[in-house]
Amino acid sequence: MIVLTATLMLLSNAFVIEGAKVFTGDNGILENANVLVENDRIVQVGNFVPPAHATRIDARGKILTPGLIESRSLAGVSEVDAVESSLDYSMEGQITPALFTGDGFNPNSVWIPVLRKCGITHAIVRPFEGLLAGTAAWVSLQHASSSTQPVAIFGDATHVKHLGGSRGALWLTLTHVLEDARFLMNNTGAVDSNRARTLAAPLIHLRALAPVLRKSMPLVLDLNRASDIVRAVQFAKSNHINLIISGGAESWMVAETLKEAQVPVIVEGSGQMPEAFDRLAAVDDLAARLHYAGVTIMISRGGRVPERLRQDAGFAIANGLPEAAAMRAITSTPAKIFGHPETGSIAPGKMANLVLWSADPFDTQTTVLNMWVNGTPQSTITRQDLLARRYLSK
Amino acid sequence: MASGLHDSMKRFVLIAIAICTACRTPTPQASAENPKQETIGYPAEPSDPQRHRGSLRILIKDVKIMTAAGPIYDRGYVLIENGDIKAVGEGTPEALPNIDLELGLPGQVVTPGVIDTHSHMGVYPMPNVEAHEDGNEMSGPAKPEVWAEHSFWPQDPALWRALAGGVTTVQVLPGSGNLFGGRSFVAKLRPGISAREMRFPGAAQGLKIACGENPKRVHGDKGGPQTRMGNIARFRHKFQEALEYKVKQDEFNEKIKKWEQKPKSTRGTAPEPPTRDLGLETLVKVLRGEILVHNHCYRADEMHIMLDMAKEFGFKIRSFHHAVEAYKLRKRLAQENVAVSTWIDWWGFKMESFDGIPHNAAMLEDAGAKAIIHSDSSTDIQHLLKEAAKGIQAGKEIGLNITENQALRWVTANPAWALGIDKLVGTIEVGKMADLVIWNGNPFGIRALAQQVLVDGDVVYDRKNNVQRNSDFELGLFSGVKL
């Protein structure tokens with residue numbers, strides 16, 4: 001009897017986080033709310049009497065948010081940037097959409113606990129270096145989780161020099177590749193019986209573009225100059241694909257076009273600088289400008305000092321972005337856009353991917369007190385913490 | 001017409017101030033404990049610009065003042081006169097006559113201007129194009145003869161953005177591709193049209209040296225060094241040459257002194273100075289303590305080696321830069337009074353940065369060493385106080401209680417010491433230069449932005465007027481669009 005009860009308790013993981021200020025991720029902010037989790041899902045949110053069987057976690061005065069999501073991560077595919085053999089995000093060539101970052105994802109990377117410590121529970125691990133560089137993987141940063149799912153094709157369209165020398169050449173190449181991918185999709189038999197024309201890329205890569213052509217996957221293009229972004233929107237329209245702009249330093253200048261075409265933009269919350277000729281109109285308040293113009297935004301660090309995701313969202317707030325919008329940009333928006341609406345927000349039925357913060361999640365003096373992925377508590381102890389402890393007594 | 005008259009009057013006033021100043025106080029002397037001494041027998045190096053002094057009498061009141069010198073005034077004031085801090089304290093001073101400008105609002109916080117020991121602004125300016133790559137003279141591993149100020153482009157758009165982030169003084173360094181990168185210079189972020197105009201009057205130059213991966217990577221295939229031991233061997237060769245050159249200089253100085261003491265009729269021709277070597281001249285200035293050594297060095301074992309080597313040749317390392325493993329030798333760094341310019345969360349991008357931890361600064365502070373948060377980035381320089389805030393937090397996690405005054409010193413007083421200008425800037429104390437930032441809230445908070453930045457008692461940045469894009473390069477781009 002005793003054994004049976006214990007087993008039932010183990011099987012039924014139920015806990016309630018009580019009295020926190022809850023950033024729901026998409027429905028704004030709830031003051032002093034309870035969140036009930038059973039097993040891996042959120043069951044109830046709001047003011048309710050917690051059921052007796054649920055473990056109670058006092059979160060009064062603290063802040064609960066969905067697990068944060070990095071939209072352009074290199075987690076698990078880049079260990080030490082300067083060590084070539086530790087990098088798994090690219091492939092020789094410009095048109096390599098079949099390269100799947102999930103194939104190289106290392107769940108034992110030292111970076112993963114570091115990202116958890118910064119409140120990040122999920123990441124879109126992107127490929128790099130190529131006009132159509134590859135297929136990005138949706139990964140969970142849950143301890144030892146190695147599940148990866150393809151969610152988008154990523155391409156870097158900022159390096160014109162490598163692509164025939166001009167912007168015009170770049171769009172010709174992209175048009176050619178998509179045309180052939182469509183031809184292939186519609187004429188499998190022709191290729192199989194060796195009657196196809198010469199194709200713009202190897203079959204395996206053209207086939208990998210089918211989900212983009214079917215609109216079941218977005219195409220994410222790194223682009224910054226306003227005119228390039230307008231050209232990309234035209235391209236997406238004429239090819240009937242879902243486009244996402246990444247970078248978008250000058251996207252605010254063409255916000256109307258983006259809003260109308262419903263093209264979201266992945267931006268950085270800081271570091272908007274005239275670093276290159278394609279971003280001379282960079283502005284500190286890029287995220288706020290796009291938000292107020294009605295453009296959907298995501299905020300991302302893009303691999304560089306990935307610990308600073310929430311800090312970057314904080315900078316966007318300092319520069320005029322409303323808090324709730326900043327939270328959406330690092331939770332529910334990427335979750336929905338990259339096909340994982342079961343996470344990224346706090347509502348009944350959603351996966352219990354949650355972070356309890358000591359205070360304002362955007363502030364750099366705040367820490368993660370607790371983190372759950374799929375209802376399971378996660379450690380946030382890093383190799384860096386162990387190093388600090390080792391030398392503290394010396 | 002009117003403005004012409006105004007300008008000339010202003011000039012007259014400035015000259016008058018300059019003369020008066022010269023009467024009362026000596027020009028700030030080189031910072032490094034040893035005063036600057038020109039080598040006898042050679043042409044003198046170009047001199048510093050005249051110290052600029054703002055002409056307005058400014059009162060900042062009703063604000064919280066974090067002095068970085070210890071005291072924090074919850075509702076205090078600062079009085080600025082003649083470009084310097086004339087008074088600072090709690091409350092409001094007795095009615096002050098002749099105030100030209102009043103600043104400050106309740107809720108605002110005043111700190112000293114932020115000082116960054118590690119910037120490549122101007123030598124790697126924006127936009128990042130090949131034509132702008134002027135920070136590393138990698139035509140050989142030892143280039144102590146090059147000067148960062150000769151590469152510095154004062155129109156780098158990043159300079160104005162750093163200013164908008166509350167930065168008032170930077171050390172502009174050559175890069176780390178060489179063992180000896182060359183001379184750095186300290187600049188005030190008072191935009192000008194030449195490096196010399198922006199040079200911090202009285203600040204010593206620095207020497208950038210680099211150990212570890214970069215020099216051996218850059219020069220490994222170009223005649224070396226190929227290894228870390230090769231790095232150190234070349235350092236020792238060069239410093240040995242410098243010691244020998246210094247002996248020659250000293251002998252010559254003795255000779256010329258004796259020659260000068262002789263009566264003119266019996267003197268004969270003056271002794272010839274030794275053949276000038278501009279590179280060794282820099283190193284001799286290092287040996288004499290006139291140029292401060294800034295050592296790019298990541299690993300603890302290499303910092304130990306560099307400290308031993310400095311002892312061997314009789315010079316001081318003023319600050320290690322990057323130094324992500326400084327926490328492993330924090331006691332020695334405290335004992336030998338070597339400052340550490342580091343980041344909070346840049347690590348893991350190369351092997352020698354793999355053991356970087358966010359607790360580094362807090363652990364150094366705990367050991368009594370001088371911790372500094374530097375940027376090495378034209379972006380991160382804009383939010384150094386936010387970086388310091390993360391250091392407070394990291395300390396808390398391992399039981400170290402870093403005060404806001406201490407963390408503020410990581411980006412003000414301590415970098416001022418590392419650059420040898422701590423008598424002049426870095427805290428809000430009477431007599432120091434009026435380099436100040438007025439923030440719209442807790443400056444460690446993510447939401448705080450600099451509202452006004454003062455350099456030498458002039459309001460050089462005001463958020464209201466968006467002078468962030470004042471570089472000539474940015475003039476007229478996107479005219480008609482509100483950037």
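Because the structure is a prediction, the values reported are computed rather than measured. So you know, we letter chains A, B, ... as the sequences are listed, proteins then strands, and number each from 1.
- Taking B:D366, B:I392, B:N360, B:I344 one by one and counting their heavy-atom pairs under 4.5 Å with chain A, the maximum is reached by B:I392.
- At a threshold of 4.5 Å between non-hydrogen side-chain atoms, the residues B:L449 and B:Q451 count as touching.
- Taking A:V114, A:L387, A:V83 one by one and counting their heavy-atom pairs under 4.5 Å with chain B, the maximum is reached by A:L387.
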Name every donor-acceptor pair, under 3.5 Å, that has one atom in a side chain of residues 310-323 of chain A and the other anywhere in the protein, sequence neighbours excluded.
residue	atom	partner	partner atom	Å
A:R310	NH1	A:P361	O	2.9
A:R310	NH1	A:D363	O	2.8
A:R310	NH2	A:T366	O	2.8
A:Q311	OE1	B:K390	NZ	2.6
A:Q311	NE2	B:E387	OE2	2.9
A:D312	OD1	A:S270	OG	2.7
A:D312	OD1	A:R301	NH1	3.2
A:D312	OD2	A:G269	N	3.1
A:N319	ND2	A:F315	O	3.0
A:E323	OE2	B:R447	NH2	2.4

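- Interface check for chain B: of the options A:E307, A:R389, A:Q384, the most heavy-atom pairs under 4.5 Å are formed by A:Q384.
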Checklist entry - Going through the checks in order, is the side-chain hydrogen bond (donor to acceptor under 3.5 Å, both in side chains) test met by A:W357 and A:T65? => result CA-CA 8 Å; A:W357 304 86; A:T65 70; 2.8 Å; yes
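- Side-chain contact check for B:T111 and B:W439: at least one donor-acceptor pair (N or O, by modelled atom type) lies under 3.5 Å.
- Within the 3.5 Å criterion, the main-chain N or O of A:E79 finds a donor-acceptor partner in the side chain of A:W111.
- Contact of B:S378 with chain A is made through backbone and side chain together, with heavy-atom distances under 4.5 Å.
- No donor-acceptor pair closer than 3.5 Å links the side chain of B:D462 to the backbone N or O of B:Q452.
- The list of side chain to side chain donor-acceptor pair (under 3.5 Å) pairs with a residue in residues 245-256 of chain A, not counting sequence neighbours, reads A:R72-A:S246, A:D222-A:S246.
- Side-chain contact, B:H296 with B:H118: no donor N or O sits under 3.5 Å from an acceptor N or O.
- Contacts between B:W347 and chain A at a heavy-atom distance below 4.5 Å involve backbone atoms as well as side-chain atoms.
- Contacts between B:M351 and chain A at a heavy-atom distance below 4.5 Å involve backbone atoms as well as side-chain atoms.
- B:D380 touches chain A through its side chain: at least one heavy atom from C-beta onward sits under 4.5 Å away, while N, CA, C and O do not.
- Proximity to chain A (any heavy atom under 4.5 Å) is restricted, for B:F478, to the side chain, taken from C-beta onward.
- Side-chain contact of A:T382 with A:D385: a donor-acceptor pair under 3.5 Å is present, judged by distance alone.
- For chain B, the nearby parts of A:Q365 are the backbone and the side chain; heavy atoms of each come within less than 4.5 Å.
- Among A:K394, A:E275, A:M253, A:R308, the residue making the largest number of heavy-atom pairs under 4.5 Å with chain B is A:R308.
- Cation-pi check for A:R126 over A:F128 is met; the charged atom lies under 6.0 angstrom from the ring centroid and within 45 degrees of its normal.
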Donor-acceptor pairs under 3.5 Å, side chain of residues 395-404 of chain B to any protein atom, not counting sequence neighbours: which ones?
residue	atom	partner	partner atom	Å
B:E397	OE1	A:K117	NZ	2.7
B:T403	OG1	B:Q406	N	3.0
B:T403	OG1	B:Q406	OE1	3.4

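- Heavy atoms closer than 4.5 Å to chain B are found in the backbone of A:A276, but not in its side chain.
- Neither the backbone nor the side chain of A:R390 comes within less than 4.5 Å of any heavy atom of chain B.
- Heavy atoms closer than 4.5 Å to chain A are found in both the backbone and the side chain of B:A158.
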Next on the checklist: Quick one, A:Y89 with A:S78, criterion side chain to side chain contact (heavy atoms under 4.5 Å, CB included). Give me CA distance, side-chain angles, the key distance, then yes/no.
Outcome noted: CA-CA 7 Å; A:Y89 51 70; A:S78 167; 3.9 Å; yes
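- Heavy-atom distances place the side chain of B:F473, and not its backbone, under 4.5 Å from chain A.
- Residues of residues 212-221 of chain B lying within less than 4.5 angstrom of chain A, judged on heavy atoms, are absent.
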Checklist entry - Please walk me through it: do A:L68 and A:T121 pass side chain to side chain contact (heavy atoms under 4.5 Å, CB included)? => result CA-CA 6 Å; A:L68 309 186; A:T121 60; over 6 Å; no
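- Side-chain N or O atoms of A:K62 include none that pairs as donor or acceptor with a backbone N or O of A:L369 at under 3.5 Å.
- If you measure heavy-atom distances from A:R279 to chain B, you find no contacts under 4.5 Å at all.
- Considering only heavy-atom pairs separated by less than 4.5 Å from chain A, the leading option among B:H359, B:K350, B:H132 is B:H359.
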